[in-house]
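Note sheet for the following structure.
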Protein chains: 2
Amino acid sequence: MLSLSEENYLKAIYHLSEQGKTNVSTNLLAEHMGTKAASASDMLKKLSQKELIDYGRYQGANVSESGKKMALQIIRKHRLWEVFLVEKLKFNWNEVHEVAEQLEHIKSPLLIKRLDEFLNFPKKDPHGSPIPDEHGEIKEKPQFPLAEKPPGFEGLVVAVKDPGNHFLEYLDKIGIYLGAKLKIVDRITFDGSSEVIIDNKKTLFLSKEAGANILLSE
Amino acid sequence: MLSLSEENYLKAIYHLSEQGKTNVSTNLLAEHMGTKAASASDMLKKLSQKELIDYGRYQGANVSESGKKMALQIIRKHRLWEVFLVEKLKFNWNEVHEVAEQLEHIKSPLLIKRLDEFLNFPKKDPHGSPIPDEHGEIKEKPQFPLAEKPPGFEGLVVAVKDPGNHFLEYLDKIGIYLGAKLKIVDRITFDGSSEVIIDNKKTLFLSKEAGANILLSE
DNA sequence: TTCAATTTTTAAATGAATCTAAAATTATTA
DNA sequence: TAATAATTTTAGATTCATTTAAAAATTGAA
């Protein structure tokens, strides 16, 4: 059984790996966790001993098969709770993260099984991220950052890459939501920003950064 | 902000006080918590420093006003989660305790406010115990242990005093549930057991111990 | 390709929460 | 009421997650 800290570090390593990073570094991990390199280094040793990560001194870490499975179970719980908070308790999609960070550590397989049933087996969390099944499997359609698609491309807003940093409040404010139909009208060479139309109605200009953080699928 | 341990010890002191015990002793507390007297003694000092209990060396502890308020908030959360588990997630009333022990420590006032709304402001948990309101107020009708009422008394089963030790499974097995109508037919002098009739139908014999653990109201 | 900068690890401390063992206090009973 | 028993506290260790500071390893740049 993993401790709270072990679960959080393991999840962080998994998320950082998913973001392309291979061999997650001690410093990056520490930064992500809001701790110091020494703490991260200790934890890497511990997780390595439990064979949840592949790690060698000075070489960075990658989740092992069993570590990945464990991380995905925590993520599954996190995302199911987020669905619960939004759909049943009327939380806004930008209010759920911290509470779900706590709820994801509750230990009870029956609870998660029943919660999943109660929510009618959702496949996506409120930010559009896929919910792994009880075996850690994720199935989803290919998704592309808006910024990588050319003018003329039309698709649905299916997720945001990183929901942090008040990005969701910003989307709320400008009227972008999950499931919105979005057409790319133009790409501004000057700054990489995009002109888009939402639901065939409203024209918006999105910065390069915003475009990189909004995921579309056809 | 209290730590997990502090919350659990405080709750235990409150519960023991409620059970008549005044000046909760170090040993009793340790036993209740599954720890050793030395640990309980340390914690008493800490809670006393935070003025959540009144405590003097060798004199036992009682919750202070602010400690009581805090304990009741934890109990409120525990019981609301129990209602959720039974009413929404179809848990049996004997399966909820351990999960609620974890859920009660989630820190989010908004979560509890919304959960309370979602459950339609329940007044009792699945074992019939009253749910304190957001100010820590408890309102309920007087309740009596079955064993203290004489033959002839009729009332409703409204709660169990201590849901531990497989008592709930036992009640399920013999057909006693919350809200059942119960009439005391006879008291057996020999062993203090009671002959009762449930819902004007089924006759049962309950041990002295069972009778002390079942609470009735008129 | 060597040496300086950066990153990572190790070592030594700290604060919780726990334990065992011993000392102090209170309670009991002969 | 004085000795013994029981309870409670203190003292000293242990484990976990963290820190700071110093040492070791890696990287990269002149």
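Reminder, nothing fancy here: chain letters follow the sequence lines and each chain counts from 1.
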Ignoring hydrogens and angles, write down the donor-acceptor pairs under 3.5 Å from the side chains of residues 24-38 of chain B, residues two or more places apart or on other chains.
{"unit_1": "B:S25", "atom_1": "OG", "unit_2": "B:L28", "atom_2": "N", "d": "3.2"}
{"unit_1": "B:T35", "atom_1": "OG1", "unit_2": "B:Y9", "atom_2": "OH", "d": "3.0"}

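- Summarising the geometry, the separation between CG on A:L44 and P on D:dC16 is reported as 17 Å, rounded to the nearest angstrom.
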Under 3.5 Å, which donor-acceptor pairs link side chains of residues 110-119 of chain B to any protein atom two or more places apart or in another chain?
{"unit_1": "B:R114", "atom_1": "NH1", "unit_2": "A:L89", "atom_2": "O", "d": "3.1"}
{"unit_1": "B:R114", "atom_1": "NH1", "unit_2": "A:K90", "atom_2": "O", "d": "2.8"}
{"unit_1": "B:D116", "atom_1": "OD2", "unit_2": "B:R76", "atom_2": "NH2", "d": "3.2"}

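- In this view, A:N120 satisfies the side chain to side chain donor-acceptor pair (under 3.5 Å) rule with no residue, not counting sequence neighbours.
- Contact check of residues 4-18 of chain A against DNA chain D (heavy atom, cut-off under 4.0 Å) returns A:S5, A:Y9.
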Show every donor-acceptor pair shorter than 3.5 Å between a side-chain atom in residues 53-62 of chain B and any protein atom, with sequence neighbours excluded, or say none if there are none.
{"unit_1": "B:N62", "atom_1": "OD1", "unit_2": "B:T22", "atom_2": "OG1", "d": "3.4"}
{"unit_1": "B:N62", "atom_1": "OD1", "unit_2": "B:N23", "atom_2": "N", "d": "2.8"}
{"unit_1": "B:N62", "atom_1": "ND2", "unit_2": "B:N23", "atom_2": "OD1", "d": "3.2"}

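- In this view, B:L168 and B:W93, B:N94, B:H127, B:V160, B:P163 satisfy the side-chain contact (heavy atoms from CB on, under 4.5 Å) rule, not counting sequence neighbours.
- To the nearest angstrom, P of D:dT15 lies 21 Å from CE of A:M1.
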Protein-nucleotides 22-27 of chain D N/O pairs under 3.5 Å:
{"unit_1": "D:dA25", "atom_1": "O4'", "unit_2": "A:Y58", "atom_2": "OH", "d": "3.1"}

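- For the salt bridge (Lys or Arg N to Asp or Glu O under 4.0 Å) test, no residue two or more places apart in sequence or in another chain qualifies with B:E87.
- Separating the CE atom of B:M43 from the P atom of D:dT10 is a distance of 15 Å, rounded to the nearest angstrom.
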Show the atom names and distances, to 0.1 Å, of all donor-acceptor pairs under 3.5 Å that link a side chain in residues 129-138 of chain A to residues at least two apart or in another chain.
{"unit_1": "A:D133", "atom_1": "OD1", "unit_2": "A:H135", "atom_2": "N", "d": "2.7"}
{"unit_1": "A:D133", "atom_1": "OD1", "unit_2": "A:G136", "atom_2": "N", "d": "3.0"}
{"unit_1": "A:D133", "atom_1": "OD1", "unit_2": "A:E137", "atom_2": "N", "d": "2.9"}

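- Residues from residues 33-42 of chain B placing a heavy atom under 4.0 Å of any atom in DNA chain C, listed by number, are B:T35, B:K36, B:A38, B:S39, B:D42.
- What you find for A:P151 and A:R187 is that their closest heavy atoms are CG-N, 3.7 Å.
- Here B:Y55 does not reach the OP1 or OP2 of D:dT8: none of its side-chain N or O atoms lies under 4.0 Å away.
- The distance from atom CD of A:E31 to atom P of C:dT7 is 10 Å, rounded to the nearest whole Å.
- With sequence neighbours left out, B:H78 forms a side-chain contact (heavy atoms from CB on, under 4.5 Å) with B:E82, B:H97, B:A100, B:E101, B:E104.
- Closest of all the heavy-atom pairs between A:S207 and A:S193 is CA-CB, 4.0 Å.
- Distances shorter than 4.0 Å separate none of the side-chain N or O atoms of B:N27 from OP1 or OP2 on D:dA6.
- Between the CG atom of A:L28 and the C1' atom of C:dT7 there is a distance of 12 Å, rounded to whole Å.
- Partners of B:K50 by salt bridge (Lys or Arg N to Asp or Glu O under 4.0 Å), not counting sequence neighbours, listed by chain and number: B:E6.
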